[in-house]
Structures are given as structure tokens and as C-alpha cells.
Amino acid sequence: MKPDIDAIKNKINNSLVDTIKYYESVDSTNNVAMEMQDVQEGTVIIGGVQRKGRGRLNRNWHSPKNGLWFSIVLKPDKNKFDKMTVLTLIGALAVNEAIGNLNINTDLKWPNDILYKNKKVCGILSQFKSKGNKVDRVVVGIGINVNQKEFPKEISDTSISLRMIKGRKLNKDQLLADILNNFGFYYYEKFENNEINDIMDKWKSKMFMLHKVIKFSTSDNQSFKGEVVDITDKGELVVETDNGKVEKLIAGDVSIDKNSLSF
Ligand code: BTN
């Protein structure tokens with residue numbers, strides 16, 4: 001069903017969210033947000049379906065009509081561009097809290113997944129665009145499995161929707177308004193005011209990987225194992241490897257084996 005943009009806007013009480021645009025069918029809301037000319041900070045693009053939804057590491061993101069697929073355009077202060085991963089983490093916190101309002105307890109998996117009993121409910125893909133040697137915008141793309149009743153075979157073991165968890169259909173407009181409120185009013189304001197430690201403390205309190213052993217591989221295919229000990233103010237995951245070396249993992253360069261957590 002088409003979102004009621006006016007009703008969503010009426011529920012939002014922050015100054016970040018500007019225009020909200022809905023497209024019944026898009027290739028990817030991130031693409032639209034990246035390509036839009038003269039775009040303002042706080043523009044939100046919603047897609048009814050995405051024909052080419054994109055996930056991290058060039059994966060496809062299954063985006064049928066009963067999910068919630070949207071992207072937020074941000075124009076953060078230019079001296080914060082080394083902290084762009086933090087924007088992905090903020091997105092996860094904002095979603096996690098909104099899902100919490102439905103009495104569903106989810107876990108955050110660094111850097112961009114929200115899991116329920118180890119199955120994926122939400123994924124986040126952030127991208128940036130440069131103009132010359134300046135960053136022009138950051139796009140935080142959020143995909144939430146809301147009202148799907150089933151998933152294609154390839155992802156049915158690893159995905160779950162909020163409807164499957166609650167046993168009833170959920171109101172996507174309310175969920176979106178809650179997320180945009182959390183994102184803009186609380187977390188992005190903290191980000192812009194340099195209160196990054198507060199954001200990271202919150203993340204650490206929700207991150208089920210903290211003090212667990214993970215296995216990860218870098219983009220040049222090297223594999224490591226180590227204990228997660230911290231998260232930096234740039235959003236990097238700090239891991240102490242078996243041989244005592246401390247590695248800082250950057251979101252784009254590593255993948256964490258989903259079966260690799262030791263408890
Ligand atoms: C991941 O877990 O790999 C990230 C998935 C991100 C999906 C969202 S849906 C809205 C936005 N548009 C896209 O094409 N991708 C993101």
C-alpha cells in the first residue's frame with residue numbers, strides 16, 4: 001500500500017527530515033538518492049518495490065512490496081567524513097529502537113545488520129558521493145523485512161520479517177515515522193554535536209558480538225580470528241587476534257563469517 005506521506009510527516013518532530021518522496025517501483029532507493037540533483041539534507045526516498053535492491057559487498061537485496069525500503073540523504077559537517085561508518089551505526093540504533101517499540105528484542109551485528117534469533121530483519125547500506133574532492137552527500141539506505149509472509153528458498157533460513165515474529169501485519173508508516181524520529185531527533189543530533197561516545201556506548205550495550213570471538217576476512221581474502229574488545233569513535237570494530245595483535249576493522253573491507261561466533 002502507498003505510504004501516507006502527510007501522515008508520516010505529521011508524526012515527525014525533528015528538523016532533519018525534509019522532503020519525503022515515494023516511488024512505487026525503483027531500481028534502488030540508494031541509487032535515486034545518490035543521483036538526485038540539488039538534493040537537500042533530510043530528503044527521504046521510499047521505494048514500494050526495488051527491482052535491483054543492493055546489499056553490502058555487491059549482494060542483491062530482495063525487496064518485494066511488503067517490506068520497508070528507504071534511503072536518507074545526509075550532508076554532514078565536512079570534518080566528520082572520517083566518521084561515516086558511524087552513520088550506518090546510527091541507522092541501526094534508530095531501527096533497533098523503533099522495532100523495540102513493538103516489543104521485539106533484536107540484536108545489532110556490526111556494522112549493518114539487525115538480527116532476531118540470528119536471522120536478518122534489517123540491513124543497512126551507506127554510500128557517499130563526491131563532487132571534485134569534496135563529499136557531496138551520504139546516503140543511508142535501510143531495508144526492513146516488515147510484512148513478508150515468506151522468503152525465497154535461498155534466504156529463508158537466514159531471514160525473518162516482523163510479521164513472522166509478531167504473527168500479525170504491521171503498520172509500515174508508523175515504523176518509518178518512529179525510525180526517522182529516532183534518527184533525526186536523537187542520534188544524528190548527537191553525531192553533529194560531536195557526542196559520538198554516547199552513540200558508541202549505546203552501540204556497545206546492544207552489540208551481542210562484544211567479548212565474543214569472531215572470524216573475519218579482509219577484502220584481500222586473509223582470514224583472522226579474534227575477540228571483539230571495543231568499537232572506536234569512527235565506528236571501527238576493535239578485535240584482538242589470537243596472536244595478541246589489535247586490528248581495527250573498517251566496515252567496507254571485511255566480512256564476518258555468519259557462522260563464526262563463538263560463545
Ligand atoms: C545489507 O545487509 O547487505 C544491506 C542491505 C541494504 C538494503 C537497503 S533497502 C533500501 C536501500 N536501497 C538499496 O538498494 N539498499 C538499501
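Positions are given from 1 along the sequence.
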Let me check something: do [X] and [Y] share a hydrophobic cluster, defined by ILVMFWY side-chain heavy atoms less than 4.5 Å apart, either directly or through other members?
X      : Y      : answer
Tyr188 : Val73  : no
Val26  : Val140 : no
Val239 : Leu108 : yes
Val86  : Leu125 : no
Val39  : Val17  : no

Are more than 12 heavy atoms, taken from residues, nucleotides or ligands other than [X], located less than 6.0 Å from that residue's [atom1] atom?
X      : atom1 : value
Asp201 : CG    : yes
Asp233 : CG    : yes
Glu35  : CD    : yes
Phe128 : CZ    : no

* Could you check Val121, Asn145, Asn118, Thr106 and say which one makes a side-chain contact (heavy atoms from CB on, under 4.5 Å) with Ile160? =>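 For Ile160, the side-chain contact (heavy atoms from CB on, under 4.5 Å) check succeeds only for Val121.
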* To do: State which residue, out of Ile20, Thr29, Asn31, fulfils the side-chain contact (heavy atoms from CB on, under 4.5 Å) condition with Ile45.
  =>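 Option passing the side-chain contact (heavy atoms from CB on, under 4.5 Å) with Ile45: Thr29.
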Ion pair check, [X] and [Y], cut-off under 4.0 Å:
X      : Y      : value
Glu247 : Lys245 : yes
Lys190 : Asp198 : yes
Asp27  : Arg51  : no

* Asked: Have Gln50 and Tyr23 got a donor and an acceptor in their side chains that come within less than 3.5 Å?
  ->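 No - no donor-acceptor pair under 3.5 Å links their side chains.
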For the residue pair [X] and [Y], what are the closest heavy atoms and their distance?
X      : Y     : result
Asp178 : Ala98 : CB-CB, 3.8 Å
Tyr187 : Ile90 : CB-CG2, 3.2 Å
Ile142 : Gly91 : CD1-CA, 4.3 Å

Short question: side chain of [X], backbone of [Y] - any donor-acceptor pair under 3.5 Å?
X      : Y      : result
Asn171 : Asp173 : yes
Glu41  : Lys75  : yes
Lys212 : Val228 : no
Ser159 : Ile155 : yes
Lys65  : Gly48  : no
Ser71  : Asn30  : yes
Ser161 : Gln148 : yes
Trp110 : Gly235 : yes
Asn193 : Glu189 : yes
Asn182 : Ala94  : yes

Heavy-atom side-chain proximity of [X] to [Y] below 4.5 angstrom:
X      : Y      : result
Phe208 : Leu210 : no
Ser223 : Phe216 : no
Asn112 : Arg56  : yes
Lys169 : Lys149 : no
Asp107 : Ile114 : no
Ile231 : Leu89  : yes
Phe151 : Met164 : yes

When rounded to the nearest 0.5 angstrom, what distance separates [atom1] in [X] from [atom2] in [Y]?
X      : Y      : atom1 : atom2 : answer
Lys172 : Ile46  : NZ    : CD1   : 9.0 Å
Lys248 : Leu237 : NZ    : CG    : 11.5 Å
Glu236 : Thr85  : CD    : OG1   : 7.5 Å
Ile124 : Thr88  : CD1   : OG1   : 6.5 Å
Leu74  : Thr43  : CG    : OG1   : 9.5 Å
His211 : Lys204 : NE2   : NZ    : 8.5 Å

* To do: Report the C-alpha separation of Cys122 and Val95 in whole Å, then their side-chain angles, then the decisive distance to 0.1 Å, and conclude whether the side-chain contact (heavy atoms from CB on, under 4.5 Å) test is met.
  => CA-CA 8 Å; Cys122 164; Val95 174; 3.9 Å; yes
* Asked: Could you walk me through whether Ile104 and Lys166 pass the side-chain contact (heavy atoms from CB on, under 4.5 Å) check?
  -> CA-CA 8 Å; Ile104 299 174; Lys166 289 300 275 186; 3.6 Å; yes
* **Whether Trp69 and Trp61 hold their rings parallel, tilted or perpendicular, with breakpoints at 30° and 60°** =>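 Trp69 vs Trp61 ring planes: perpendicular.
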* **Test log, rule side-chain contact (heavy atoms from CB on, under 4.5 Å), inputs Asn147 and Leu170** => CA-CA 7 Å; Asn147 283 326; Leu170 293 153; 3.9 Å; yes
* Asked: So Thr19 and Val44, side-chain contact (heavy atoms from CB on, under 4.5 Å) or not? Walk me through it.
  -> CA-CA 6 Å; Thr19 311; Val44 177; over 6 Å; no
* Qualifying side chain to side chain donor-acceptor pair (under 3.5 Å) pairs with a residue from residues 9-18, counting only residues at least two apart or across chains ->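 Non-adjacent pairs meeting side chain to side chain donor-acceptor pair (under 3.5 Å): Lys11-Gln174.
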